[in-house]
Amino acid sequence: MLQLEDVHASYGNVHALRGISLRVEKDSVVSLLGANGAGKSTVLKALSGLLRPKSGSIVFGGERIDRSKPEHIVRRGIVMVPEGRQVFPELTVRENLMLGAYSRGDRAQIKQDYEGVLETFPILKVKAKNFAGTLSGGQQQMLAIGRGLMARPKLLLLDEPSLGLAPIIVQEIFSVIRDISKRGTTILLVEQNANMALDVSDYAYVLETGQISGQGNSQQMREND
Ligand code: ADP
Ligand code: ADP
């Protein structure tokens, strides 16, 4: 479904990606692991069109997207849930979710997607009319993921969904990630919490200073640890 071949990317003279090659197969959950500053978020930025690679190729669903604009990429089905539980605090849960459906007009479809997201996140159904700013951190993270789902992703990019959340909430988030995957959404997950990530992943890559320093399925990754 997604293939990166020898991707290089820089911020000014910071050479953040130094030849990244990886692939994500349809219906899988793939993790990008590695220490702070390794280049994980930069991979997600390159995938969503926010940072244009200096060289290399990114192919998604048979089409090269490394020169595409973010709007085009979203329409092709790559949807990013950025780090830091980004919600609109002064809009309700329902309004936040509806914003995720922005580029589509089919009301019946949007309603069906909305019901689907509430099924995946029962707590959002309870809180549908509350302002997003009144939700707990974990609930806001679920809302941010739910908003991403409203855009009907083929590939969902999750940047550090567990960041700053209590362990019990992290477990809940990962259980939801598993549900989303079972319902047919392919997921590329950036995580510092390697153990949690490997539990839900089919395959993982480890990044180190802009390069891939290890890869394998969850079992292989645990054995090599
Ligand atoms: P090759 O590159 O020769 O196809 P790999 O060593 O990359 O083989 O893969 C070994 C196994 O892991 C294969 O079963 C492959 O389908 C699976 N695999 C490899 N990469 C991914 C990925 N990104 N997502 C899911 N499964 C993967
Ligand atoms: P990770 O997500 O693995 O923590 P990043 O992809 O955020 O790593 O960062 C990779 C490298 O790029 C680091 O050296 C980081 O300091 C640098 N970097 C990230 N964002 C910027 C930016 N906006 N401007 C300059 N350098 C950046």
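Throughout, numbering of the chain's residues begins at 1 and tracks the sequence. Note that ligands are numbered from 1 as they come in the structure, with each ligand's atoms numbered from 1 the same way.
Using a 4.0 Å cut-off to heavy atoms of Ala35, the atoms of ligand 2 that qualify are 3 (O). Each of the following atoms of ligand 2 lies closer than 4.0 Å to a heavy atom of Ser41: 1 (P), 2 (O), 6 (O), 7 (O). For ligand 2, the atoms lying closer than 4.0 Å to a non-hydrogen atom of Ala16 are 11 (C), 12 (O). Here is the list of ligand 2 atoms found below 4.0 Å of a heavy atom in Ala38: 1 (P), 3 (O), 8 (O). Below 4.0 Å from some heavy atom of Asn36 lie the following atoms of ligand 2, by number and element: 4 (O).
Checked options Val81, Val190, Leu189; the residue passing with Asp159 is Val190 (criterion: side chain to side chain contact (heavy atoms under 4.5 Å, CB included)).
Under 4.0 Å is where a charged nitrogen must lie from a carboxylate oxygen, and between Asp199 and Arg222 at least one such pair does. Using a cut-off of 4.0 Å between Lys/Arg side-chain N and Asp/Glu carboxylate O, Arg85 and Glu160 are scored as not salt-bridged. Salt-bridge annotation for Arg52 and Asp66: absent, with no side-chain N of the basic residue lying under 4.0 Å from a carboxylate O of the acidic one.
Among all protein heavy atoms, the one lying closest to atom 6 (O) of ligand 2 is Thr42 OG1, 2.5 Å. Counting protein heavy atoms only, atom 19 (C) of ligand 2 is closest to Tyr11 CE1, 3.4 Å. Annotation: atom 4 (O) of ligand 2 to nearest protein heavy atom, Gly37 N, 2.7 Å.
Atom CD of Glu90 is surrounded by 12 or fewer heavy atoms from other residues, nucleotides or ligands within 6.0 Å.
Taking the centre and axis of the six-membered ring of Tyr114, the NZ or CZ atom of Arg94 falls inside the cone set by 45° and 6.0 Å.
Of the protein's heavy atoms, none falls inside 4.0 Å of atom 15 (C) of ligand 2. Less than 4.0 angstrom separates atom 24 (N) of ligand 2 from at least one non-hydrogen atom of the protein.
In summary, the side chains of Tyr11 and Thr42 do present a donor paired with an acceptor at a separation below 3.5 Å, with no hydrogens or angles considered.
Closest non-hydrogen pair, Phe60 versus Arg76, comes out as CE2-O, 3.3 Å.
Considering backbone and side-chain atoms alike, Gly39 places an N or O below 3.5 Å from some N or O of ligand 2.
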